[in-house]
Amino acid sequence: ELTIILEGKVTAAKKKSVLDTLEKSIKMLEGSLQKAEDWGVKEMFHEIKKEKEGLYLHMPFELNAKSIKSLEIKLKAMENVLRYLIIKSE
């Protein structure tokens, strides 16, 4: 599962662009992405990159464990992504 925090003032177009990029990246790594859940804009306890609010998105996905590092590299390079968390679900 992947949860990302985007800048709180991100536009709908940039949000769609991030989701499309993630979907293409996961498919290129021979994985599959399920429907993204928009958890909405929330105030963060600590500022991240001078942002006080973040848009939270949660996406269950399936991917080979060896490909996770490649996905993390892509996430780090995306400018609108403030933070991400990848966890293994049972």
Side-chain angles (χ1 to χ4, degrees):
E1 295 181 14
L2 169 65
T3 302
I4 60 173
I5 305 173
L6 302 178
E7 297 168 343
K9 296 174 184 160
V10 71
T11 63
K14 284 189 179 182
K15 177 179 136 184
K16 182 168 176 18
S17 172
V18 167
L19 290 173
D20 290 344
T21 302
L22 284 172
E23 185 175 8
K24 288 177 188 174
S25 297
I26 290 172
K27 283 184 179 179
M28 189 172 31
L29 295 168
E30 299 179 4
S32 64
L33 178 67
Q34 297 175 12
K35 184 172 174 21
E37 297 175 35
D38 186 340
W39 287 353
V41 176
K42 299 178 187 267
E43 188 174 341
M44 296 184 285
F45 188 71
H46 294 287
E47 287 185 15
I48 302 173
K49 297 181 183 175
K50 299 184 181 180
E51 294 284 333
K52 294 181 181 183
E53 293 182 330
L55 174 66
Y56 288 70
L57 299 170
H58 179 77
M59 294 157 269
F61 71 98
E62 292 182 15
L63 188 63
N64 183 330
K66 294 179 182 178
S67 300
I68 296 293
K69 193 68 176 170
S70 298
L71 180 61
E72 287 181 328
I73 291 169
K74 295 238 186 234
L75 286 163
K76 287 178 184 176
M78 298 174 87
E79 67 180 51
N80 292 322
V81 176
L82 299 176
R83 289 284 192 272
Y84 67 89
L85 176 66
I86 298 174
I87 60 169
K88 180 180 177 182
S89 61
E90 299 288 322

Result block: side-chain N/O donor-acceptor pairs under 3.5 angstrom for residues 4-17, not counting sequence neighbours:
residue, atom, partner, partner atom, Å
Thr11, OG1, Lys14, N, 3.2
Lys15, NZ, Asp38, OD2, 2.6
Lys16, NZ, Asp20, OD2, 3.2

Contacts under 3.5 angstrom, residues 40-58 side chains, donor-acceptor by atom type, not counting sequence neighbours:
residue, atom, partner, partner atom, Å
His58, ND1, Thr3, OG1, 2.8
His58, NE2, Glu1, OE1, 3.2

With a cut-off of 3.5 Å and sequence neighbours excluded, list every side-chain donor-acceptor pair involving residues 61-76.
residue, atom, partner, partner atom, Å
Asn64, OD1, Lys66, N, 2.9

Heavy-atom closest pair (Leu19 atom, Ala36 atom, distance to 0.1 Å) is CD2-CB, 3.9 Å
Could you give the side-chain donor-acceptor pairs of residues 78-88 under 3.5 Å, partners two or more places apart or in another chain?
none

Partners meeting salt bridge (Lys or Arg N to Asp or Glu O under 4.0 Å) with Lys35 (sequence neighbours left out)
none
To the nearest 0.5 angstrom, please state how far the CG atom of Leu2 sits from the CD atom of Gln34.
12.0 Å
Using the test salt bridge (Lys or Arg N to Asp or Glu O under 4.0 Å), find all partners of Glu23 that sit at least two apart in sequence or belong to another chain.
Lys27
